[in-house]
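Some notes on the structure that comes next.
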Number of protein chains: 2
Amino acid sequence: MREFKRKSRILLIDDNADHLRGVKELITLESSYDVVGATTSVNMGISLAKKYRPDIILMDINMPEKDGLQAIQELEKLDLGVKVIALSGYDDADLIFRAMKLGAKGYVLKTMASAQLIYAIDEVASGKIYLPTALTSRFFEYFQRSFKEETQTSNEENLLTYLTAREEEVLELLTQGNNYKGIAGKLFISETTVKTHVNNIFQKLQVNDRTQAVLYALNNGFANRKAIRA
Amino acid sequence: MREFKRKSRILLIDDNADHLRGVKELITLESSYDVVGATTSVNMGISLAKKYRPDIILMDINMPEKDGLQAIQELEKLDLGVKVIALSGYDDADLIFRAMKLGAKGYVLKTMASAQLIYAIDEVASGKIYLPTALTSRFFEYFQRSFKEETQTSNEENLLTYLTAREEEVLELLTQGNNYKGIAGKLFISETTVKTHVNNIFQKLQVNDRTQAVLYALNNGFANRKAIRA
DNA sequence: TACTTTATCAATCCAAAGATGTAAGACAAA
DNA sequence: TTTGTCTTACATCTTTGGATTGATAAAGTA
């Protein structure tokens, strides 16, 4: 490791000029970070990011011109290795979830105390992810709710449990887009045997054709089931 | 609100009898919680949960007999309103992720200081979600990685963009398990026209049959695409 | 041992899916 | 106006899919 402990470089993007100035001063005065840019334009911000390669970007995500969330997505796609911290006025669960999903390394509220903002930057700069406790709870409630809906369908009764091991193998190959011939070749059995298995699968899953069988499998955690068993 | 501030009731499930006893004593002596049960058997634990309706369950998820994760899932399905805290010896990202996904309200390590365990229980009892900072980071790294892979595929080139509006409609009906007749009926066009569209879809998506087309659609954010446009 | 489940294979038959070529009307852009 | 794309439609033909029935052998279970 040739390089170590140089000042982390920060880029600020916030369409509110006053807030932008305030944060810039705060960071300049109260921390050892190097503000390499501060702009009220999202597009300008992305350009600056490409040019100056900051370590961290503080990104306001409540902006009219272009959505800050979209900007995060674009930055992640560019793969500059920059750590984006989302700045927002709202502690809305959906916003938090989307920001984190898109790759934000932190999410802080504008109403936060300045010392805490510096702390958040410190944490993210050191490679961690920072979310205030209250927002972490918000996030997880949202996260679990969205997954609950997914598994809920299998709540009544998961017909996949009735499949034999062999039928599961066949179904897996079906979910990979194989036809009878392909499955027969991969399992080293005759095509007619495959047909028998597939027919049994249809009966058990109460569907009429392979597409419906595949959809049933995917919608009822077929992949997960295998992962757990393995 | 008729009832308020009664002692929260806790159920302990841990196949390690020593650890079980230790935790039980800790909670009995150092907190105001009421331990309503303590068992080394997962199945017994679930039965006790149904019987005594505890507020909180401390569940060891590294058990041989039956996977603790599966137990969490079952408990969530039963919808007893119990808050499960996962207890584990490992800070493995995948384990944490799966536990939280299944509805755990907290995840604590067995190596944790006892005061911190009590704190975790306090937090969860008050309706929050508790994850130690280090584990939160682990979780989010895993979380973001899994989402990055999802969006990454559509990064190269999404063949779905070449579909016309009508073809998208047809594809959507395909992803719902419809056959030619079904699609024709729903779009008020002839079956032969549907065949034409479907064939064009195959060409554009470079697949051979409807199952592969459906799989391509699902794996390349077809649902999302629609959502964004709407 | 008798019974059940599972996996294997076959033959037959009909329906559905898919490939290919052709074409007409609508509509928008050049 | 011409060109091109999109949507609609049909005919024909081949392939694949799916239903049904029946049969055998192995493995496990009561």
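Below, read A as the first sequence line, B as the second, and so on, with proteins coming before strands; counting in each chain starts at 1.
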(request) May I ask you to say whether Asp91(B) pairs ionically with Arg138(B), meaning some side-chain N is under 4.0 Å from a carboxylate O? (result) yes
(message) So if I take every side-chain heavy atom of Arg166(A) and compare against dT7(D), dA17(C), dA7(C), which nucleotide ends up nearest?
(response) dA7(C)
(message) Test of understanding: with salt bridge (Lys or Arg N to Asp or Glu O under 4.0 Å), list the residues that count as partners of Asp209(A), not counting sequence neighbours.
(response) none
(request) Going by the side chain to side chain contact (heavy atoms under 4.5 Å, CB included) test, name the single residue among Leu12(A), Leu11(A), Leu69(A), Leu75(A) that passes it with Met59(A). (result) Leu75(A)
(request) Can you sort out the partners of Tyr107(A) under ring pair (Phe, Tyr, Trp, His ring centres under 6.0 Å), two or more places apart, ordered by chain and number? (result) none
(request) Look up atom NZ in Lys77(B) and atom CG in Leu102(B), then write down how far apart they are to the nearest 0.5 Å. (result) 10.0 Å
(message) Within residues 178-192 of chain B, which residues have any heavy atom lying less than 4.0 Å from an atom of DNA chain C?
(response) Asn179(B), Tyr180(B)
(request) Identify, with sequence neighbours excluded, every residue that meets side-chain hydrogen bond (donor to acceptor under 3.5 Å, both in side chains) alongside Lys186(A). (result) Asn178(A)
(message) Taking the axis from the first five pairs and the axis from the last five, what angle separates them in the helix from dT1(C)-dA30(D) to dA30(C)-dT1(D), rounded to 10 degrees?
(response) 40°
(message) Without decimals, in angstroms, what is the distance between Ile201(A) CD1 and dT8(C) P?
(response) 12 Å
(request) Rounded off to whole Å, could you give me the CG-to-P distance for the Leu163(B) and dC6(D) pair? (result) 10 Å
(request) For Asp92(A), enumerate each residue passing the salt bridge (Lys or Arg N to Asp or Glu O under 4.0 Å) test, keeping only those at least two apart in sequence or located in another chain. (result) none
(request) Name all residues meeting the salt bridge (Lys or Arg N to Asp or Glu O under 4.0 Å) criterion together with Lys110(B); count only those two or more places apart in sequence or in a different chain, and write none if there are none. (result) Asp14(B), Asp60(B)
(message) Considering only residues two or more places apart or on different chains, which pairs with a residue in residues 75-103 of chain B satisfy ring pair (Phe, Tyr, Trp, His ring centres under 6.0 Å)?
(response) Phe143(A)-Phe97(B), Phe97(B)-Phe139(B), Phe97(B)-Tyr142(B)
(message) With a 4.0 Å cutoff (strictly under), does any side-chain N or O of Thr193(B) reach OP1 or OP2 of dA9(D)?
(response) yes
(request) Specify the separation, in whole Å, of atom CZ of Arg210(B) and atom C1' of dG18(C). (result) 9 Å
(message) So, using side-chain hydrogen bond (donor to acceptor under 3.5 Å, both in side chains) as the criterion, who are the partners of Asp18(A) when residues are at least two apart?
(response) Arg21(A)
(request) Test Thr192(B) against Ser190(B) for side-chain hydrogen bond (donor to acceptor under 3.5 Å, both in side chains), laying out the working first. (result) CA-CA 5 Å; Thr192(B) 55; Ser190(B) 86; 2.8 Å; yes
(request) Using whole Å, report how far NE2 of His197(A) lies from P of dT5(C). (result) 17 Å
Any N/O pairs under 3.5 Å between the protein and nucleotides 19-22 of chain C? List them or say none.
{"from": "dA19(C)", "atom 1": "OP2", "to": "Asn199(B)", "atom 2": "OD1", "distance (Å)": "2.6"}

(message) I need a per-nucleotide contact map over nucleotides 25-30 of chain C, read 5' to 3'. Cutoff is protein heavy atoms under 4.0 Å; write B for the base, S for backbone only, - otherwise.
(response) ------
(message) So, using side-chain hydrogen bond (donor to acceptor under 3.5 Å, both in side chains) as the criterion, who are the partners of Glu169(A) when residues are at least two apart?
(response) Arg166(A)
(request) Send over the distance from Glu168(B) CD to dC6(D) P, rounded to a whole Å. (result) 12 Å
(request) To the nearest Å, give me how far apart CD (Glu167(A)) and P (dT6(C)) are. (result) 7 Å
(message) Minimum heavy-atom separation for Asn62(A) and Ser88(A), please, with both atom names.
(response) OD1-OG, 2.9 Å
